[in-house]
Amino acid sequence: MALVLSEDAQLVRDQALDFFREKSPILALRKLRDSADPTGFSRELWREMADLGWTGFLVSEDAGGSGFGMVGLGQVLEAAGRTLAASPLISTALIGASALDIAGTPAQKSAYLTSLLSGDTITALASEEGSHHNPAAVAATARPSADGWVLDGRKTFVLDGHVATLLIVSARTAAGITLFLVPAATQGVTITRRLMADSRNAALVTLANVHLPAGALLGTDGGGTALLDRLLDRARVGLAAEMLGSACEAFDRTVQYLKDRKQFGVPIGSFQALKHRAAVLFAEIEVTRSAVLAALTALDEGAADAAALASLAKAKANATLNLASSEGVQMHGGIGMTDEHEIGFFLKRSRVAEITFGSTGFHRDRYAALNGY
Amino acid sequence: MALVLSEDAQLVRDQALDFFREKSPILALRKLRDSADPTGFSRELWREMADLGWTGFLVSEDAGGSGFGMVGLGQVLEAAGRTLAASPLISTALIGASALDIAGTPAQKSAYLTSLLSGDTITALASEEGSHHNPAAVAATARPSADGWVLDGRKTFVLDGHVATLLIVSARTAAGITLFLVPAATQGVTITRRLMADSRNAALVTLANVHLPAGALLGTDGGGTALLDRLLDRARVGLAAEMLGSACEAFDRTVQYLKDRKQFGVPIGSFQALKHRAAVLFAEIEVTRSAVLAALTALDEGAADAAALASLAKAKANATLNLASSEGVQMHGGIGMTDEHEIGFFLKRSRVAEITFGSTGFHRDRYAALNGY
Amino acid sequence: MSLAAFRTETRAWLQDNCPPLMRTPAPADETVWGGRNPTWKHPEQKLWMDRMAARGWTLPTFPKQYGGGGLSLEQAEILGEEMRALGCRAPLQGMGQTMLAPVLLEYGTEAQKQEHLPQIIRGEIRWCQGYSEPGAGSDLAGLQSRAVLQGDHFLVNGHKIWTSNAHYADKIFCLVRTDPTAKKHEGISFLLIDMAQPGVRARPIRLISGASVFCETFIENVQVPRENLLGELNKGWTIAKRLLEHERKSIGGIGDRAGGLANTPAWELAKLHAGEQDGRIADPALRQDIAAYAIDAAAFQLTRKRAADEAQAGRPPGPMSAMFKYYGTELNKRRYEMVLAAEGVQGVGWEGDDFSADELRWTREWLRSKANTIEGGTSEVQLNIIAKRVLGLPD
Amino acid sequence: MSLAAFRTETRAWLQDNCPPLMRTPAPADETVWGGRNPTWKHPEQKLWMDRMAARGWTLPTFPKQYGGGGLSLEQAEILGEEMRALGCRAPLQGMGQTMLAPVLLEYGTEAQKQEHLPQIIRGEIRWCQGYSEPGAGSDLAGLQSRAVLQGDHFLVNGHKIWTSNAHYADKIFCLVRTDPTAKKHEGISFLLIDMAQPGVRARPIRLISGASVFCETFIENVQVPRENLLGELNKGWTIAKRLLEHERKSIGGIGDRAGGLANTPAWELAKLHAGEQDGRIADPALRQDIAAYAIDAAAFQLTRKRAADEAQAGRPPGPMSAMFKYYGTELNKRRYEMVLAAEGVQGVGWEGDDFSADELRWTREWLRSKANTIEGGTSEVQLNIIAKRVLGLPD
């Protein structure tokens with residue numbers, strides 16, 4: 001694999017950078033927050049993103065998408081990360097589209113894909129049950145009924161669950177962990193919005209005696225672990241790309257501040273201790289960029305080491321965004337502590353993104369296991 | 001407990017600092033190394049240390065010592081660490097004296113204590129069997145015989161074992177881990193010198209069908225785990241005190257070099273990045289000093305948290321000496337890489353001391369366990 | 001009186017006089033700040049403050065003639081131990097006590113001491129600090145607020161920032177430039193300004209944590225009596241630095257403060273959220289990180305104790321306040337990062353019933369902790385101070 | 001010829017021409033340095049070097065008229081891939097190839113290129129680097145060695161340090177001061193000096209690892225022909241900096257070098273010494289540390305690949321050599337620290353039969369690795385360069 005963007009990917013990247021800079025600067029997130037917007041994102045912008053084809057990047061051409069792939073979607077996510085844009089890109093364009101494209105039956109595809117591509121259907125993955133990422137810890141159950149399945153369980157950290165029309169739920173059957181497509185409006189499904197520190201939303205989803213038709217099964221009975229792994233690896237790398245964008249932006253703003261802010265009669269960027277810390281951060285961002293691009297590419301190519309690269313990318317993105325946002329606030333000094341300044345938004349976003357789809361510790365552990373130690 | 005040196009301890013400290021500075025500068029270690037001295041230390045100096053009473057600090061007054069305690073011995077060890085002086089202080093004045101004082105029978109005391117106090121008997125603790133510190137991993141066995149015990153086993157990292165006349169050996173009996181006093185000259189004992197990177201010595205000790213009298217048992221049959229723990233906690237804290245001295249000396253030399261060495265027309269100590277790193281190291285040394293003094297004091301007072309403080313002190317000393325020696329070499333630049341300069345001796349000493357009586361990871365684990373998590 | 005007798009007597013007095021409610025941990029919103037318009041959640045708060053103030057024990061080592069307790073260091077230590085043993089809340093807190101009072105005692109005229117110290121000790125006046133300015137943060141001496149001496153008063157104009165709780169304070173101690181032609185450290189004076197007059201205005205600043213504990217304070221054409229100058233004219237920088245040492249000490253000890261977290265360490269949260277195995281935190285990496293933090297935190301607390309013990313033993317204290325400020329605040333940030341890491345999803349909530357009150361408070365406190373290494377002199381400034389004053393490294 | 005055809009042909013040629021022994025990993029003491037007095041452990045080493053040199057493949061992308069391979073970047077990449085696939089050793093190494101040759105090509109006169117490049121490519125002359133001086137380490141431009149132009153030659157006097165393997169080298173490329181009155185960067189020239197003459201003396205320096213790979217080199221009243229000046233008089237600094245970029249690249253890639261460790265990663269040693277549980281390293285803290293290192297190391301290797309791929313795709317390369325030098329050398333130090341941590345007692349042995357040859361070698365290599373962040377410009381200098389040239393931060 002060559003670690004270099006194709007012309008097409010470069011075009012998507014430029015387009016996405018312009019899009020978010022113009023239509024969804026950090027000010028947009030602030031407004032959603034301060035107006036206590038019940039959805040936490042802009043449906044109008046989401047339709048525009050769908051019109052640009054981003055919802056179809058992971059949907060094959062014969063199903064109505066472009067099949068452009070993870071490298072392309074990664075460019076969009078990185079651009080979104082630059083302005084901390086809140087949207088269902090990951091929950092829907094990445095996870096939902098992948099789930100249907102990879103495992104959906106023709107009936108499922110025809111039921112959901114068109115409206116997902118147009119931006120109408122929003123999906124959410126309901127797999128976590130505890131405080132820490134652990135897709136294998138599934139207590140939710142699905143038992144067979146006369147005409148399908150009955151689900152019970154409690155899901156804790158369902159990203160975009162508060163606006164989703166379709167949930168992808170992991171539950172345990174006799175055969176093992178299995179995924180189901182659950183329309184949010186199904187009886188017995190209760191969705192409670194959870195507002196996070198980054199002004200984005202997750203939901204608590206409870207399933208109480210939820211009756212589903214046989215056609216709600218996604219993939220095979222008991223095949224949920226492998227399918228979830230594939231979906232999650234895409235989500236991890238997509239999120240890592242978004243986090244890379246956020247780290248780059250926090251860094252660029254901090255370097256600019258170092259040049260502008262004067263103390264002791266000189267720009268504070270002339271102090272060597274700050275210079276060295278900035279240079280170290282630059283290096284970390286560069287190696288993170290390589291890890292993210294390699295993981296995106298490996299997923300598109302179906303490479304054998306894609307899972308290890310996914311953990312590598314998420315582990316590096318976690319550490320680098322943590323560092324970039326922490327250094328950003330510290331180097332901005334007092335002004336960085338004010339709500340009025342935007343650098344604090346990166347700090348809040350960083351810690352939520354870190355624990356999403358696996359902390360640094362989780363991915364170090366997984367990387368070691370995948371490499372045989 | 002008050003974390004302040006008594007007048008007496010201060011006097012010992014000053015005396016020890018003068019002693020090692022005058023009689024055992026780093027040059028002494030270099031000479032021992034370059035002459036391939038078979039013992040690796042100076043017997044003459046060791047007798048002088050005994051004459052100063054240091055071998056008796058942990059021996060009660062009624063047994064011929066001064067009972068001055070760990071705080072006092074810690075001052076001596078810290079001073080020894082400043083000049084990287086190699087001596088049997090830890091193997092004999094600390095571990096051997098403690099073992100006999102705490103657990104020795106009257107017969108054992110009368111057999112060994114006088115010559116230990118005078119510097120004639122050198123003891124060595126033979127407890128490690130693997131590459132990593134683990135006093136609980138004992139494969140060596142002791143089975144009862146008609147008139148005593150028969151020992152078999154292999155001990156890997158016996159500090160000063162190559163010059164010891166008396167070994168303190170851990171072996172497993174039916175009752176559990178048990179300690180034995182084994183004269184080095186006993187038939188079946190083979191001692192092979194192992195030269196370490198810090199120019200000090202450990203030994204590989206093999207015990208093959210070693211017959212011992214009943215009176216060789218130290219403490220109680222099966223009581224070795226608790227006794228070893230006590231001895232090791234003293235050793236950990238004593239070594240931490242020595243390492244603190246080494247860290248202080250490496251740091252002082254580095255700060256002086258920062259003031260003396262000129263590049264770009266100014267002392268390199270005027271560069272802010274180096275200043276900040278030096279200041280961070282200063283802070284780490286200060287908190288390490290407190291941890292070491294608290295642990296020494298707790299051992300003397302038999303405080304309930306002495307074990308936790310021992311792990312705390314060793315963990316901090318490990319990290320701080322590692323940092324002080326690494327930064328020392330880096331800040332000395334090219335000259336620090338030469339054998340002619342003394343700063344490299346601190347680097348070599350640091351890593352050997354780190355793995356002795358438990359690495360940082362070992363003591364973090366133990367600290368957590370002792371604190372209930 | 002022997003120390004033992006003092007201890008016995010003190011214990012008995014505390015037993016008799018500390019109201020039961022004041023022996024419970026104080027939530028953050030029940031701190032007693034005193035002042036002209038004090039707020040009380042419980043009458044016991046005022047009772048406790050008044051009783052302690054009457055003995056001068058709100059500033060126990062200060063001389064009796066100014067209303068202080070007149071205790072020796074040893075006695076004050078015993079008082080502290082007995083208060084901790086009984087779980088007594090601090091009767092009164094604020095910048096008057098911890099920062100201004102020590103420099104008033106050192107640099108004030110007899111009249112100034114007589115006027116201000118009793119008010120501070122009795123909790124009658126709440127002070128705030130007018131140091132930083134928008135253009136003068138780490139470069140504190142670069143301040144531009146002006147005071148011009150006009151006969152018996154100064155005419156003051158200026159713009160201060162990070163004035164903690166200025167919107168609740170009665171008076172502000174202020175650094176102002178009184179000689180614009182002098183070198184920057186030599187034209188600064190230290191003024192005491194009453195805020196209850198036209199021309200003084202405090203505007204709260206909203207922080208990333210959502211709280212507003214700091215203000216911008218605007219001073220426009222305010223007349224300040226000449227006798228409110230502390231120390232000599234244009235010699236305010238010396239006092240300013242001395243006060244900063246007291247501030248550093250109080251911020252460096254930030255991890256000590258009572259509060260929910262002190263009773264709920266990160267390892268308990270880790271067991272709760274990451275699970276427990278054989279009595280251990282189930283996630284070994286999290287466990288090692290928490291132990292590493294706990295070891296550093298314990299070593300730092302032992303260092304504070306060592307410094308106190310050395311002072312008590314009459315050993316000369318080193319110029320260590322910068323080190324305490326640096327290490328204590330960096331540790332406090334790590335502490336909250338540990339809490340977040342332990343809590344997982346529950347550590348990054350903002351609103352809603354699914355998060356406990358503690359969890360939501362800790363998220364805000366985590367954000368608040370980021371200011372610790374900025375306020376009162378950044379970590380970078382502290383490291384500069386250590387390098388220069390302690391290590392003697394050249395400029 | 002198409003790239004595919006080139007690959008096929010190259011593979012066949014390597015199969016036919018690379019001696020079997022040269023397809024095994026090279027121990028450190030079997031590196032081929034060439035020179036006037038080469039040392040061979042095996043005749044295959046010379047055979048392999050000569051065969052590769054005859055095709056110019058010891059410097060594959062250099063022009064054919066100077067003895068180079070004349071390959072495109074893509075072809076050279078293919079050659080590298082095929083050599084790695086077959087496990088071929090490097091036929092020849094040294095500072096002549098990696099550092100001097102590129103600047104000779106860029107700045108040399110036609111005569112200089114004709115003279116020196118073929119000698120380098122054929123392994124006939126071994127070069128060393130005369131840059132640092134005892135008083136000029138990080139401040140390289142502060143050098144004091146002098147060269148005075150006297151008609152058709154320079155008279156050179158100086159004292160160089162850290163001249164790698166100078167005691168084995170035939171020639172030295174040297175920075176000397178030719179105008180002591182000019183500003184420090186403007187009076188420096190770049191000279192090529194033959195060491196086989198009286199007045200040049202190299203004294204090995206014993207290092208903390210026990211090895212002596214560096215020398216002090218003394219140059220006393222040595223005459224150097226004027227035509228051995230590379231570039232213009234007093235304009236040597238530009239060439240010096242350019243050469244440093246090539247040096248940084250080669251040091252930054254230090255973790256790539258084949259050798260025992262490449263085949264014995266830290267995690268294998270950790271399993272061996274700390275034990276194994278369910279296929280995992282039994283010590284969870286050690287395991288996490290090793291994974292953290294391995295992740296950074298992999299991300300760095302991917303970054304080197306990305307830079308190469310971008311160059312090949314014709315994307316403008318950033319000024320990244322300082323970043324590679326910094327990150328690669330810091331990683332290499334961490335790598336050896338990991339090895340020591342994994343080995344425990346076996347990692348800190350110095351002599352004796354109880355330590356394996358690998359264990360003893362790694363201890364020495366651990367010490368040697370400490371020089372990585374000093375030689376070729378310290379990590380601090382690299383960070384200065386990144387801050388200034390990449391980030392544009394002010395002086």
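Note that this is a predicted model, so its numbers are computed, not measured. Reminder, nothing fancy here: chain letters follow the sequence lines and each chain counts from 1.
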**Prompt:** Where does C/A313 contact chain B at under 4.5 Å (heavy atoms): side chain, backbone, both or neither?
**Reply:** side chain

**Message:** Using a 4.5 angstrom heavy-atom cutoff, name the option from C/I281, C/I290, C/T303 with the most pairs to chain B.
**Reply:** C/T303

**Fill in**
Okay, B/V280 and chain C: the region with an atom under 4.5 Å from a heavy atom over there is both

**Request:** Could you look at B/L274 and say if it's the side chain, the backbone, both or neither that has a heavy atom under 4.5 Å from chain C?
**Result:** neither

**Request:** Kindly compute the distance separating OH (B/Y367) from CZ (B/R364), expressed to the nearest 0.5 Å.
**Result:** 12.5 Å

**Contacting region of B/N371 [heavy-atom separation from chain C under 4.5 Å]** = backbone

**Complete:** Output for pair (C/R306 CZ, B/L3 CG), nearest 0.5 Å, gives 8.0 Å

**Complete:** Taken to the nearest 0.5 Å, the spacing of C/M83 CE from C/L14 CG works out to 6.5 Å

**Asked** Under a 4.5 Å heavy-atom cut-off, does chain C meet the side chain of B/A315, its backbone, both or neither?
**Response** side chain

**Item:** Between B/H133 and B/R236, a side-chain donor and acceptor under 3.5 Å
**Value:** yes

**Asked** Are any non-hydrogen side-chain atoms of C/T373 and C/Y326 less than 4.5 angstrom apart?
**Response** no

**Asked** Under a 4.5 Å heavy-atom cut-off, does chain C meet the side chain of B/F271, its backbone, both or neither?
**Response** neither

**Prompt:** Quick one: what part of B/Q256 sits under 4.5 Å from any heavy atom of chain C, side chain, backbone, both or neither?
**Reply:** neither

**Message:** Can you confirm whether B/L94 sits close enough to B/L77 that some side-chain heavy atom of one is under 4.5 Å from a side-chain heavy atom of the other?
**Reply:** yes

**Request:** Check whether B/A2 gets within reach of chain C through its side chain, its backbone, both or neither, counting any heavy atom under 4.5 Å.
**Result:** both

**Request:** Could you check which of B/A278, B/G372, B/S290, B/A291 has the highest count of heavy-atom pairs closer than 4.5 Å to chain C?
**Result:** B/S290

**Prompt:** Can C/S379 and C/K333 be said to form a side-chain contact (heavy atoms from CB on, under 4.5 Å), step by step?
**Reply:** CA-CA 12 Å; C/S379 279; C/K333 292 205 307 188; over 6 Å; no

**Fill in**
When the 4.5 angstrom heavy-atom criterion is applied to B/Y373 and chain C, the contacting part is both

**Prompt:** Can you check whether C/E375 reaches C/Y131 side chain to side chain, under 4.5 Å on heavy atoms?
**Reply:** no

**Fill in**
Most contact-rich option vs chain B, by heavy-atom pairs under 4.5 angstrom, among C/R287, C/Q288, C/E380, is C/R287

**Prompt:** Where the side chain of B/E128 meets the backbone of B/N134, is there a donor-acceptor pair that is under 3.5 Å apart?
**Reply:** yes

**Message:** Which atoms of C/D278 are under 4.5 Å from chain B, going by heavy atoms: the side chain, the backbone, both sets, or neither?
**Reply:** neither

**Asked** Which region of B/A313, side chain (C-beta onward) or backbone (N, CA, C, O), has a non-hydrogen atom less than 4.5 Å from a non-hydrogen atom of chain C, or is it both or neither?
**Response** neither

**Request:** Please state whether the side chain, the backbone, both or neither of C/Q312 comes within less than 4.5 Å of a heavy atom of chain B.
**Result:** neither

**Asked** Taking the side chain as C-beta and beyond, is there a heavy-atom pair between C/K325 and C/E247 under 4.5 Å?
**Response** no

